[in-house]
Amino acid sequence: MEFTLLFSKVVGPVLILRALSILLSREHFFKMIDGMEREVTTVSFSFFPIALFMSCTAIAVTHSDRSSFAAFLILLIAWGGMAKGAALILFPHLSVEKGRHLVKPMFLNIVLFVCLAVGGYFTWFGYFGHG
């Protein structure tokens, strides 16, 4: 339960900030996608999927809490991050194709909603709802 609370307290506000950044500067995401094709060929990009895979694997194998919906979401995020990290390691150019969906207004709205909902839930759970 301690890890679930820590994760919720850290990740919740980050997801809320991501949602706010989408609301405040959609243009940033369009510019980011324009540069992705060049980015996937850099050394720095090659480190990101390795770090993602390793950190999500560490969370998945050490997180044993099953007592709440927040704990379930953490495991879902960890396993999803492992899958995404593996896909980026094996097929980095697929991230460019995936990223092109981000510039579609409806998809970006879905990302905004999910970040706000999950971030709001984690923040509430971590700071107020666990007692």
Side-chain angles (χ1 to χ4, degrees):
M1 178 67 136
E2 287 181 30
F3 179 81
T4 301
L5 291 174
L6 174 64
F7 187 95
S8 295
K9 288 177 180 180
V10 172
V11 174
V14 169
L15 290 174
I16 291 172
L17 287 172
R18 172 50 74 200
L20 289 174
S21 75
I22 294 170
L23 275 174
L24 297 174
S25 183
R26 287 179 179 262
E27 196 62 36
H28 163 77
F29 292 91
F30 302 141
K31 290 177 183 175
M32 181 178 63
I33 298 306
D34 285 342
M36 273 186 77
E37 199 156 353
R38 290 182 308 278
E39 185 68 25
V40 297
T41 61
T42 65
V43 171
S44 61
F45 181 87
S46 70
F47 292 130
F48 169 75
I50 293 168
L52 177 65
F53 185 83
M54 289 171 50
S55 59
C56 288
T57 301
I59 292 169
V61 299
T62 60
H63 184 59
S64 59
D65 183 12
R66 306 288 190 272
S67 65
S68 64
F69 183 65
F72 168 76
L73 281 177
I74 292 168
L75 283 175
L76 188 66
I77 290 168
W79 284 97
M82 288 170 57
K84 182 176 183 172
L88 288 172
I89 290 167
L90 297 171
F91 313 106
H93 288 284
L94 286 180
S95 65
V96 175
E97 295 303 316
K98 179 186 166 250
R100 288 194 177 120
H101 293 290
L102 185 61
V103 295
K104 297 177 182 174
M106 189 58 183
F107 185 79
L108 196 53
N109 290 337
I110 292 169
V111 172
L112 185 153
F113 175 76
V114 169
C115 285
L116 194 57
V118 174
Y121 174 71
F122 274 149
T123 301
W124 169 81
F125 182 85
Y127 288 99
F128 311 108
H130 63 277

Closest non-hydrogen atom pair between Ile59 and Ala78, with its separation = CG2-CB, 3.7 Å
In one Ile/Leu/Val/Met/Phe/Trp/Tyr side-chain cluster, 4.5 Å: Leu23, Val111 = yes
Locate the shortest heavy-atom distance separating Gly81 from Cys56; write the atom from each residue and the value.
-> CA-SG, 3.6 Å
CG of Leu5 to CZ of Phe3, rounded to nearest 0.5 Å, is 11.0 Å
Is it true that Val61 and Leu73 fall in one hydrophobic cluster, defined by side-chain heavy atoms closer than 4.5 Å?
-> no
Val10 to Val14 - nearest heavy-atom pair and separation = O-CG2, 3.3 Å
Taking every non-hydrogen atom, the tightest pair across Met82 and Ala60 = SD-CB, 3.8 Å
Separation of Phe48 CZ from Ile89 CD1 (nearest 0.5 Å) | 10.5 Å
CZ of Phe72 to CD1 of Ile74, rounded to nearest 0.5 Å, is 11.5 Å
Do Phe122 and Tyr127 share a hydrophobic cluster, counting only Ile, Leu, Val, Met, Phe, Trp and Tyr and linking them when any side-chain heavy atoms are less than 4.5 Å apart?
-> yes
Linking I/L/V/M/F/W/Y whenever any side-chain heavy atoms sit under 4.5 Å apart, do Leu24 and Leu108 land together?
-> no
Spacing of OG1 belonging to Thr57 relative to CH2 belonging to Trp79, to within rounding of 0.5 Å | 7.5 Å
Do the side chain of Ser8 and the main chain of Thr4 share a donor and acceptor less than 3.5 angstrom apart?
-> yes
Co-membership, hydrophobic cluster, residues Leu75 and Phe7, 4.5 Å side-chain = no
Provide the closest heavy-atom pair for Ala70 versus Tyr121 in the form atom of the first, atom of the second, distance.
-> N-OH, 3.3 Å
Here the gap from Leu116 atom CG to Leu20 atom CG, rounded to the nearest 0.5 Å, amounts to 7.0 Å
Derivation of the side chain to side chain contact (heavy atoms under 4.5 Å, CB included) call for Arg18 and Val114 = CA-CA 10 Å; Arg18 172 50 74 200; Val114 169; over 6 Å; no
Minimum heavy-atom separation for His63 to Ala71, with atom names?
-> NE2-O, 3.5 Å
How long is the span from the CD1 atom in Ile16 to the OG1 atom in Thr123, to the nearest 0.5 Å?
-> 3.5 Å
